[in-house]
Amino acid sequence: MNIRIGNGYDIHRLVPDRPLILGGVKIPHSLGLLGHSDADALTHAIMDAMLGALSLGDIGHYFPPSDPKWSGADSLLLLQQVDELIQARGWQVGNIDSVIIAEQPKMKPHLQAMQEKLAHTLQIDIDQVGIKATTNEKLGPVGRQEGIAVYAVVLLVKS
């Protein structure tokens, strides 16, 4: 088989006094995402999708929140490590499709910068990184602006 598909999901709580980072981009907002690393839910969902495509578990296995080594870690550096892991097994990213679910702030002005950072980190073309954004129509914890959730699908192809 020359292709593999994986999906990923992540959600983080919005809290004061934390930066809001998605796809490696710092987004101006009064709240940020709470997590052991930089809590970049977009990058985390993509990493889980990449790992899942090859049945390699999830990011908690490789970067456990119990390990102080990963405290405040830049998720783009973690993504680079996951990419090296899949490449060592003879695979590369074919494309990524993702959706950020957030009521606020509006994501549209930041999507291209996210695409550029992720594409640069993975050394792929920007048109291989799809990022969409939507709201949760004020439903559930995301709709109440308690957090931000992300879904991602990644296609891996044999190198």
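- One finds the CG atom of Leu77 at 9.0 Å from the CG atom of Asp38 (value rounded to the nearest 0.5 Å).
- Met107 and Ile21 are members of different hydrophobic clusters when ILVMFWY side chains are connected at heavy-atom separations under 4.5 Å.
- Hydrophobic clustering places Ile27 together with Leu79 (ILVMFWY residues linked when any side-chain heavy atoms are closer than 4.5 Å, directly or through intermediates).
- Heavy-atom contacts from other residues, nucleotides or ligands closer than 6.0 Å to CZ of Arg13 number 12 or fewer.
- Side-chain contact check for Ile148 versus Val142: every heavy-atom pair is 4.5 Å or farther apart.
- Atom-to-atom distance recorded for Leu156:CG and Asp83:CG is 9.0 Å, nearest 0.5 angstrom.
- Between the His44 side chain and the Asp10 main chain, no donor and acceptor come within less than 3.5 Å of each other.
- Between Trp70 and Pro64, the closest side-chain pair of non-hydrogen atoms falls below 4.5 Å.
- Surrounding CD of Gln123 are at most 12 heavy atoms belonging to other residues, nucleotides or ligands under 6.0 Å away.
- Annotation: ring pair (Phe, Tyr, Trp, His ring centres under 6.0 Å) contacts involving residues 75-127, sequence neighbours excluded, are absent.
- For the residue pair Ala152 and Ala49, the shortest heavy atom distance occurs at O-CB, 3.8 Å.
- Although no hydrogens or angles enter the test, the distance criterion places a donor-acceptor pair under 3.5 Å between the side chain of Asp40 and the main chain of Thr43.
- Both Leu51 and Val150 belong to a common hydrophobic cluster when Ile, Leu, Val, Met, Phe, Trp and Tyr are linked at side-chain heavy-atom distances under 4.5 angstrom.
- Applying the side chain to side chain donor-acceptor pair (under 3.5 Å) test to every pair with at least one member in residues 92-105, sequence neighbours left out, gives these pairs: Asp97-Lys132.
- Clustering ILVMFWY residues whenever any of their side-chain heavy atoms sit less than 4.5 angstrom apart, transitively, puts Leu42 in the very cluster that holds Leu111.
- Using a 4.5 Å heavy-atom cutoff, the side chains of Lys117 and Leu76 are in contact.
- A donor-acceptor contact closer than 3.5 angstrom is absent between the side chains of Glu84 and Gln80.
- Here Val153 is tied into one hydrophobic group with Ile3, Ile5, Leu155, Val157, each link being a pair of ILVMFWY side chains closer than 4.5 Å.
- Note that the CZ atom of Phe63 and the OG atom of Ser75 stand 9.0 Å from one another [nearest 0.5 Å].
- When side chains are defined from C-beta on, Leu31 does not count as touching Val15, because their heavy atoms never get closer than 4.5 Å.
- Within the structure, every pair that satisfies the side chain to side chain donor-acceptor pair (under 3.5 Å) test and touches residues 146-159, not counting sequence neighbours, is listed here: Arg144-Glu146.
- With rounding to the nearest 0.5 angstrom, the CG atom of Leu54 is 5.5 Å from the CZ atom of Arg4.
- In the hydrophobic clustering (ILVMFWY side chains linked at under 4.5 Å, chained through shared members), Ile126 stands by itself.
- Two different hydrophobic clusters hold Val99 and Leu22 under the rule that ILVMFWY side chains link at heavy-atom gaps under 4.5 Å.
- Contact between Leu56 and Tyr62 at its shortest, heavy atoms only, is O-OH, 2.9 Å.
- In plain terms, the two heavy atoms of Ala39 and Arg18 that are nearest each other are CB-NH2, 3.8 Å.
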### Message
For Met50 and Leu122: C-alpha separation, side-chain torsions, deciding distance, then whether side chain to side chain contact (heavy atoms under 4.5 Å, CB included) applies.
### Response
CA-CA 11 Å; Met50 291 167 68; Leu122 295 168; 4.0 Å; yes
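- Going from atom CD1 of Ile131 over to atom CE of Met114 covers 6.0 Å, rounded to the nearest 0.5 Å.
- For Asn136, the side-chain hydrogen bond (donor to acceptor under 3.5 Å, both in side chains) criterion is met by no residue, not counting sequence neighbours.
- Within the 4.5 Å cutoff, the side chain of Val129 has no heavy atoms near those of the Ile46 side chain.
- Between the His29 side chain and the Leu20 main chain, no donor and acceptor come within less than 3.5 Å of each other.
- How far OG of Ser37 is from NZ of Lys69: 14.0 Å, rounded to the nearest 0.5 Å.
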